[in-house]
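What follows is one structure encoded as C-alpha cells, with my remarks underneath.
Start at 1 and go down the list; that is how both ligands and their atoms are numbered.
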Amino acid sequence: MDIVVLMKQVPDTAALIQISEDNVSIKTEDVKWVINPYDELAVEEAIRIREKQGGGKVIILTAGAGSASATIRTALAMGADEGILISDPALENSDPQITAKVIAAVLNNVNFDLIIAGPRAVDDDSSYVPAAISEYLGVPLLSTVIRQEISNGKIQCEQTVQDGSIVLEANLPAIITTQRGLNEPRYPSLANIMKAKKKSIVTKTLADIGLSSEQKLIKTKIVSLAYPPRRNAEKVIVEGASAEEKAARLLNLLQDKAGIL
Ligand SMILES: Cc1cc2nc3c(=O)[nH]c(=O)nc-3n(C[C@H](O)[C@H](O)[C@H](O)COP(=O)(O)OP(=O)(O)OC[C@H]3O[C@@H](n4cnc5c(N)ncnc54)[C@H](O)[C@@H]3O)c2cc1C
C-alpha cells in the first residue's frame with residue numbers, strides 16, 4: 001500500500017516570532033523549523049498502516065523553501081521511505097489554492113492508495129489545502145480522523161464532531177486528515193536517523209511539473225501581520241523572610257487573587 005503524506009514545515013510553536021520590516025513576512029533567520037504537528041500524526045499513521053498492511057511505501061511530499069528538506073529528513077528518520085520537495089523561488093508567496101494545485105499536479109504522476117494530511121497548518125492556518133487537492137484529484141476526503149481501518153479496498157474512519165463522532169467509509173484512493181488523539185508520534189532512533197541520510201529526496205521545480213507560469217495566478221496575498229494584543233499582566237514580587245513564607249504567600253495569591261488553584 002503506497003501512502004503519500006502531505007507535510008508542511010512550520011516554525012516551532014515555542015519559537016519567538018518576529019515580524020519583518022516589510023510587515024507581511026516573519027524573520028526566519030533564528031526560527032527553528034519543525035514538522036507541522038498535525039502532519040507529524042500523519043507521518044506516524046502512514047508508517048503504522050504500511051507496517052500493518054505488510055508492504056508498500058510512505059512518501060513525504062512538501063512544497064516550500066529548500067530548507068524544508070531538513071524536516072523531510074526527520075520524517076524519513078521516523079520511518080518514511082522517500083521524499084519529494086517542490087521548491088521554486090517563484091512560489092515563495094504562494095497562496096493555499098496554488099499550493100494545492102501544484103501539489104495535485106505532482107500527485108498526478110505518483111502512485112498512491114491513500115493521502116494523509118493535517119487538517120490545518122499551525123502557521124498560516126487556512127485549512128484549505130487538503131480539500132482543494134481532493135477536488136483537483138477527484139478523490140474523497142475524510143477529515144479530522146481519530147481512528148481508521150483499511151480492508152478490501154475501502155477505508156473506514158471515525159471522525160470527531162461536537163459531543164460525539166461519526167463513522168465514515170470511502171473507496172480508496174482517498175485523502176484523510178488527522179486529528180489529535182489519532183496516535184502518538186514516535187521519536188526517530190539514532191539508527192534510523194543514520195539510515196535516513198541515505199534515503200532519497202527528489203526536488204521538483206515548477207518547470208519540472210510543467211506549471212512555470214502559475215505564480216501569476218496567485219489570488220490572495222498577505223496585506224499585513226500583527227502581534228496579538230498585549231495582556232496587561234500585573235507583576236507581583238512575593239516577599240517573605242524564608243522560602244516557606246514566600247511559598248505560602250504565593251499559594252495564597254494563586255488561590256485568592258488569581259483564582260488559578
Ligand atoms: C512550490 C512552493 C513553494 C513554496 N514556498 C514557500 C516558502 O518558501 N515560504 C512559505 O511561507 N510558503 C511557501 N509556499 C506556500 C505554502 O507553503 C503554504 O503551504 C500554503 O499556502 C498552504 O497554506 P496553509 O499553511 O494555510 O495550509 P492548510 O490548508 O492550513 O494546511 C492543511 C494541511 O495541508 C497540507 N499542506 C499545507 N501546505 C503544505 C505544503 N506547503 N506542503 C505540503 N503539504 C502542505 C498539510 O498536510 C497541512 O497540515 C510554497 C508553496 C509552493 C507550492
**Request:** Decide whether the shortest distance between a heavy atom of Tyr128 and an atom of ligand 1 is less than 4.0 Å.
**Result:**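 Per 4.0 Å heavy-atom rule, Tyr128 contacts ligand 1.
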If you measure every N or O of [X] against every N or O of ligand 1, does any of those distances drop under 3.5 Å?
X	answer
Asp39	yes
Ser87	no
Leu6	yes
Ser126	yes
Ala117	no
Tyr38	no
Val102	no
Ile103	no
Pro130	no

Any idea which atoms of ligand 1 are less than 4.0 Å away from a heavy-atom of Ser127?
->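 Atoms satisfying the 4.0 Å criterion: 28 (P), 29 (O), 30 (O).
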- Item | Atoms in ligand 1 flagged as close to Arg120, the criterion being non-hydrogen separation under 4.0 Å |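 Those of ligand 1 that fall under 4.0 Å from Arg120 are 30 (O), 31 (O), 32 (C), 49 (O).
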**Report entry** Least distance between heavy atoms, Arg48 atom then Glu184 atom
**Finding:**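 Here Arg48 and Glu184 meet closest at NH2-O, 3.3 Å.
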Checklist line | Shortest non-hydrogen contact between Val122 and Asn36, atoms and distance | finding: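 Closest approach of Val122 to Asn36, heavy atoms only: N-OD1, 3.0 Å.
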Applying the salt bridge (Lys or Arg N to Asp or Glu O under 4.0 Å) criterion to Lys8, which one of Asp123, Asp39, Asp125 satisfies it?
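Between Lys8 and the candidates, salt bridge (Lys or Arg N to Asp or Glu O under 4.0 Å) is satisfied uniquely by Asp123.
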- Item | Evaluation steps, side-chain hydrogen bond (donor to acceptor under 3.5 Å, both in side chains), between Gln9 and Ser67 | CA-CA 9 Å; Gln9 82 160 6; Ser67 61; 3.2 Å; yes
Q. What residue among Gln148, Gln179, Arg147 forms side chain to side chain donor-acceptor pair (under 3.5 Å) with Glu158?
A.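 Testing Glu158 for a side chain to side chain donor-acceptor pair (under 3.5 Å) against Gln148, Gln179, Arg147 leaves exactly one candidate, Arg147.
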Self-check item: Atom pair CD/CD1 of Glu44 and Ile116 - distance to nearest 0.5 Å
Solution: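 With rounding to 0.5 Å, CD (Glu44) is 10.5 Å from CD1 (Ile116).
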As an exercise, state the distance from CD1 of Ile3 to CD1 of Ile115, rounded to the nearest 0.5 Å.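 It comes to 11.0 Å.
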- prompt: In the protein, what heavy atom is nearest to atom 10 (C) of ligand 1, and what distance, to one decimal place, separates them?
  reply: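 Sorting protein heavy atoms by distance from atom 10 (C) of ligand 1 puts Glu92 O, 3.7 Å first.
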Practice prompt. Can you establish whether the number of heavy atoms outside Glu135 located under 6.0 Å from its atom CD is more than 12?
Written response: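 Open.
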